[in-house]
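Here the structure comes first, spelled out in C-alpha cells, and everything after it is commentary.
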Amino acid sequence: MKKGILIFLLFIAWIFLTWPFGKEIDWQILISGIFISIFVGSIFGELFTENPHNFFGFKRYLWAILYLPYWFWYCILANLDVAYRVLHPNLPIRPGIVKVKTNLKSKSGLTALANSITLTPGTMTVEIEPENGYLYIHWIYVKTDDIEKASELIVRRFEKILERIFE
Amino acid sequence: MITFLFIFLIICSFLCLYRISRGPSPGDRVVGIDILGIIVVNFCAIYTFWTKNDFYMNIALSWALLSFIGTLAVSKFLEGKGFDE
Amino acid sequence: MRELISSISMVIGGLFNLFGCIGLVRLPDVYNRLQASTKCVTLGTCFILIGVIISGPISASLKSFLCIIFILITAPTSAHALSRASIKAGISLWEKSVVNKMEEEKK
C-alpha cells in the first residue's frame with residue numbers, strides 16, 4: 001500500500017511537469033510516465049512513510065489547510081523580525097542554545113515541527129533526540145533558559161495543530 | 001521593475017560571494033554556497049516572468065533539488081561520517 | 001491588473017532576499033547567519049514564485065507551485081543539517097552568547 005500511494009503521488013507530479021496545455025494530449029509521454037512512476041515507486045516505497053493509513057483520514061487534510069495560513073503569518077512575522085535585527089545599527093541579538101520538550105512521537109510529525117520552528121521568529125532547530133522528545137534550539141534573542149517556559153514559548157503554538165495532522 | 005529586481009539579486013550574489021571568500025570557518029562558506037544556489041532559482045523565476053516561457057522553470061526545479069543534495073553531502077562530510085547514514 | 005499584482009509580490013520578494021543577504025554579512029557567527037539567511041531567502045523565493053504563479057502561462061504556474069513545495073521542504077532541512085554539522089565539527093558559538101545547553105549536558 002505504501003508503494004501504491006507513492007506511485008500515485010509521483011504520477012501526479014509527472015502530470016504537473018509534462019501536461020501540454022492547449023495542445024492535444026501526447027500519449028507517449030503519459031504512458032512512459034506511468035512506467036517510470038511504477039519503477040521508482042517500487043524501489044523506494046519501503047522508505048516512504050511509517051503508517052500509510054494516515055493518508056485516508058479526511059480530517060487531517062482540513063487541519064492541514066487550517067494550519068497553512070497560521071504558519072504563513074508567523075513566517076512573515078519572522079522575516080520582519082530578522083529585518084529589524086539586521087538593519088538596526090547596534091545589532092540587538094543575544095544568542096544561545098536552549099532545550100525544549102515536545103509530545104510528538106512520529107517521525108513525520110517531528111520533521112514538520114522542526115521545519116516550522118526553523119521558519120518562525122528567531123529560532124532554529126539544531127539537534128533532535130527522538131527517543132525522549134527533546135529538541136535543541138538556537139534562539140537569536142534568549143528570553144529564558146528554563147525547559148518548561150521555553151517549550152511554552154516556542155513549541156506549544158504549533159504542537160496542538162500538528163498533533164491532529166500527523167499523530 | 002525587472003531592472004530593480006536584477007540589481008537586488010546581483011547585490012545579493014555579491015554579498016554571498018563576500019561571505020564565501022572571507023568566511024572564517026568552513027561552515028560559513030557552505031552557508032554562502034547554499035544561499036547562492038537558492039538565488040539562482042530566483043533568477044530563473046524572473047526570466048520566466050520576463051519571457052513568458054516555461055522552460056526556465058525546469059532549470060529552477062532541478063537546481064533547487066541538486067543544491068539541496070549537495071549541501072547535505074557537504075554537511076555529512078563536515079560531520080566526519082560516511083554518506084550512507 | 002495581474003501583471004501589477006505579480007510585480008508587487010516580486011519586488012517584496014527581492015527586498016526580503018536583500019535583507020537576508022545583509023544578515024549573512026553582518027551577523028557574527030555561523031548559527032546566526034544560518035538563521036537570518038535561511039528565513040529571509042526562503043520567504044523571498046516563495047514571494048517571487050507566487051508572482052510567477054499569478055502572472056505566467058499556466059504550465060509555468062504549475063511548475064512554480066511544485067518548486068515552492070520543494071523549497072519549503074528542503075531549505076529548513078539543509079539549515080538543520082548544516083548547523084548540526086558545525087556543532088559536531090566543533091565550531092564554537094559567538095563569545096557573547098548567553099547559554100549553551102548542549103555543552104552543559106556533555107560535562
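In the text below, chain A, chain B and the rest are named by the order of the sequence lines, each starting its count at 1. The basis for the numbers below is simple: all heavy atoms, side chains too, and nothing from hydrogens, waters or symmetry mates. None of the values given here were measured: they were computed from a predicted structure.
Taking all atoms of both residues into account, the shortest heavy-atom contact from C/Lys63 to A/Leu17 is CE-O, 3.3 Å. Closest approach of A/Ile128 and C/His80 over heavy atoms only: CG1-CE1, 4.3 Å. Among all heavy-atom pairs drawn from A/Asn79 and C/Leu43, the shortest one is ND2-CD2, 3.2 Å. The minimum heavy-atom distance linking C/Asn32 with A/Pro95 is given by the pair OD1-CB, 3.7 Å. A/Thr120 and C/Lys39 get closest at one heavy-atom pair: O-CE, 3.3 Å. The heavy-atom pair separating A/Met124 from C/Tyr31 by the smallest distance is CE-O, 3.9 Å.
Taking 4.5 Å as the limit, some side-chain heavy atom of A/Glu127 sits within range of a side-chain heavy atom of C/Lys88. Proximity of C/Leu72 to A/Leu119: side-chain heavy atoms (C-beta onward) are separated by under 4.5 Å at one or more points. You'll find the side chain of C/Phe19 reaches within 4.5 Å of the side chain of A/Leu87, heavy atoms only.
Taking CG of C/Leu27 as the reference point, atom CD1 of A/Ile140 lies at 5.5 Å (rounded to 0.5 Å). Rounding to the nearest 0.5 angstrom, the gap separating the CZ atom in A/Phe16 from the SG atom in C/Cys67 is 13.5 Å.
For A/Ser116, no part lies near chain C; criterion is any non-hydrogen pair under 4.5 Å. With a 4.5 angstrom heavy-atom cutoff, A/Thr123 touches chain C only via backbone atoms. Heavy-atom distances place both the backbone and the side chain of C/Thr77 under 4.5 Å from chain A. Looking at A/Val86, both its backbone and its side chain come within 4.5 Å of chain C, counting heavy atoms on both sides. Within the 4.5 angstrom heavy-atom criterion, no atom of A/Ile117 approaches chain C. Only the side chain of C/Phe16 has a heavy atom closer than 4.5 Å to any heavy atom of chain A. For C/Ile22, the parts lying under 4.5 angstrom from a heavy atom of chain A are both the backbone and the side chain.
Counting heavy-atom pairs closer than 4.5 Å to chain A, the top-ranked of the candidates C/Pro28, C/Ala75, C/Cys40, C/Gly23 is C/Cys40. Across A/Thr18, A/Val82, A/Asp81, the residue that shares the most heavy-atom pairs under 4.5 angstrom with chain C is A/Val82.
Annotation: A/Phe39, atom CZ; neighbour count of heavy atoms from other residues, nucleotides and ligands within 6.0 Å does not exceed 12. Atom OH of A/Tyr67 sits in a crowded spot, with more than 12 heavy atoms from other residues, nucleotides or ligands closer than 6.0 Å. Within a 6.0 Å radius of NZ in A/Lys160, other residues, nucleotides and ligands contribute 12 heavy atoms or fewer. The local environment of CZ in A/Phe11 is crowded, with over 12 non-hydrogen atoms from other residues, nucleotides or ligands closer than 6.0 Å.
The only member of A/Val126, A/Thr125, A/Thr118 that meets side chain to side chain contact (heavy atoms under 4.5 Å, CB included) when paired with C/Ser83 is A/Val126.
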